[in-house]
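Data first, discussion second: the structure below is written as structure tokens.
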Amino acid sequence: ETFYFEGGIKSFVSYLGEHKHCEFIHSDVIYMKAEKGTSVAEIALQYNDTYNETLMTFANNINTVEGGTHEIGFKTALTKVFNDYGRKYGIMKDSDKNLSGEDVREGICAIVSVKLEDAQFESQTKAKLGNSEMRPFVYNLVCQKLAEYLEENPSVARGILEKSINAARVREAAQKARELARKKSGLASTR
């Protein structure tokens, strides 16, 4: 199959979001792009009110379904940017734990696309990108451009952070409930 969207990955993210039957945290798709030599990285993302994470990665227009170095750079930077922003503006207190990657990706619809010469894949199926230089390239793009976007759009930043903080609270409560259930079942079996 061939996918083509007039507006590129930005339009693709809109298309994916429209079919989720959800409310968006912010109406505009956040778009970032960087070029370095012959390499290009493009990222488009939008948050919605669902609990699902939709993250698609591409290398030279090949869907890398198992991710790779470009995905790792994106995920690491996304988590860092939101934790830094939350602390900088006092949305997260010093005593709060950092948000996890899962917390900041809850409700995200994102596409990470890189184009590079000499792409190295970790298997014949080209499912995972292995080029180590893509990790810092994508990481630096997200750290710089997303941080700038959040500074310029504080209401969007607050909305996404509140959703992420809520996801962290739910995750921690579920973890405590599991631990409590294990303790109770452990106590019951020793009697």
Side-chain angles (χ1 to χ4, degrees), residues 9-10 13-14 16-17 20-34 41-57 66-112 132 134-187:
I9 64 170
K10 195 172 176 181
V13 166
S14 292
L16 292 172
K20 289 198 176 293
H21 308 292
C22 58
E23 296 290 321
F24 293 104
I25 306 288
H26 52 100
S27 57
D28 294 335
V29 174
I30 301 170
Y31 176 78
M32 302 164 251
K33 182 177 182 179
E42 285 184 281
I43 297 166
L45 60 98
Q46 188 173 33
Y47 279 87
N48 58 57
D49 64 354
T50 70
Y51 305 109
N52 303 328
E53 170 187 337
T54 304
L55 175 58
M56 297 179 74
T57 59
E66 293 177 19
T69 54
H70 54 328
E71 182 178 316
I72 294 167
F74 171 74
K75 287 180 172 181
T76 307
L78 189 73
T79 305
K80 178 188 182 344
V81 168
F82 281 109
N83 278 306
D84 289 354
Y85 187 91
R87 300 237 182 256
K88 180 178 179 180
Y89 290 100
I91 300 167
M92 295 166 55
K93 297 174 187 66
D94 290 338
S95 60
D96 292 341
K97 290 181 184 174
N98 273 347
L99 297 168
S100 74
E102 287 178 0
D103 299 333
V104 298
R105 291 191 312 270
E106 183 177 286
I108 197 172
C109 183
I111 296 176
V112 178
S132 60
M134 285 296 110
R135 182 179 177 167
F137 182 46
V138 171
Y139 177 87
N140 291 332
L141 166 63
V142 175
C143 282
Q144 180 189 351
K145 299 288 186 182
L146 184 58
E148 286 173 12
Y149 179 88
L150 297 179
E151 291 287 336
E152 294 168 5
N153 299 277
S155 62
V156 172
R158 186 169 286 277
I160 296 168
L161 259 170
E162 286 172 1
K163 179 171 180 46
S164 300
I165 290 167
N166 189 45
R169 287 186 186 127
V170 169
R171 178 180 47 80
E172 288 170 10
Q175 186 176 357
K176 286 178 185 172
R178 278 193 302 274
E179 288 170 6
L180 186 62
R182 284 187 189 121
K183 284 180 184 175
K184 283 184 178 180
S185 67
L187 290 173

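The structure presented is a predicted model; accordingly, all values stated were derived computationally and were not measured.
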Less than 4.0 Å between a side-chain N and a carboxylate O, is that true for K80 and D84?
yes
Which atom pair, heavy atoms only, marks the closest approach of V104 to Y47?
O-OH, 2.5 Å
Take atom CD in E179; do more than 12 heavy atoms of anything else shown fall under 6.0 Å from it?
yes
Compare all side-chain heavy atoms of Y149 with those of L45 and state whether any distance is below 4.5 angstrom.
no
Residue among T54, V29, I43, I30 satisfying side chain to side chain contact (heavy atoms under 4.5 Å, CB included) with V13
V29
So which atom in I9 and which in A44 form the shortest heavy-atom distance, rounded to 0.1 Å?
CD1-N, 3.7 Å
State, without any angle test, whether Y85 and E151 hold a side-chain donor-acceptor pair at a distance under 3.5 Å.
no
Nearest heavy-atom neighbours spanning C109 and G17:
SG-N, 4.3 Å
Is atom CZ of R171 surrounded by more than 12 heavy atoms (other residues, nucleotides or ligands) closer than 6.0 Å?
yes
Which atom pair, heavy atoms only, marks the closest approach of F74 to A110?
CZ-CB, 3.9 Å
About how many Å separate CD of E66 and CD of E71, when rounded to the nearest 0.5 Å?
10.0 Å
Looking only at heavy atoms, which two atoms of R87 and D96 are closest? And how far apart?
NH2-O, 2.7 Å
Would you check if the side chain of S185 reaches a backbone N or O of R182 as a donor-acceptor pair within less than 3.5 Å?
yes
Taking all non-hydrogen atoms of both residues into account, name the closest pair between C143 and A147 and its distance.
O-CB, 3.0 Å
Short side-chain to backbone donor-acceptor contact, E106 and S164, under 3.5 Å
no
When you look at CD of E102, are more than 12 heavy atoms from neighbouring residues, nucleotides or ligands closer to it than 6.0 Å?
no
So, using salt bridge (Lys or Arg N to Asp or Glu O under 4.0 Å) as the criterion, who are the partners of R169 when residues are at least two apart?
none
Exam field: side chain N83 to backbone N98, donor-acceptor pair closer than 3.5 Å:
no
Check the pair V170, Y51 against side-chain contact (heavy atoms from CB on, under 4.5 Å), reporting the backbone distance first and the verdict last.
CA-CA 11 Å; V170 169; Y51 305 109; over 6 Å; no
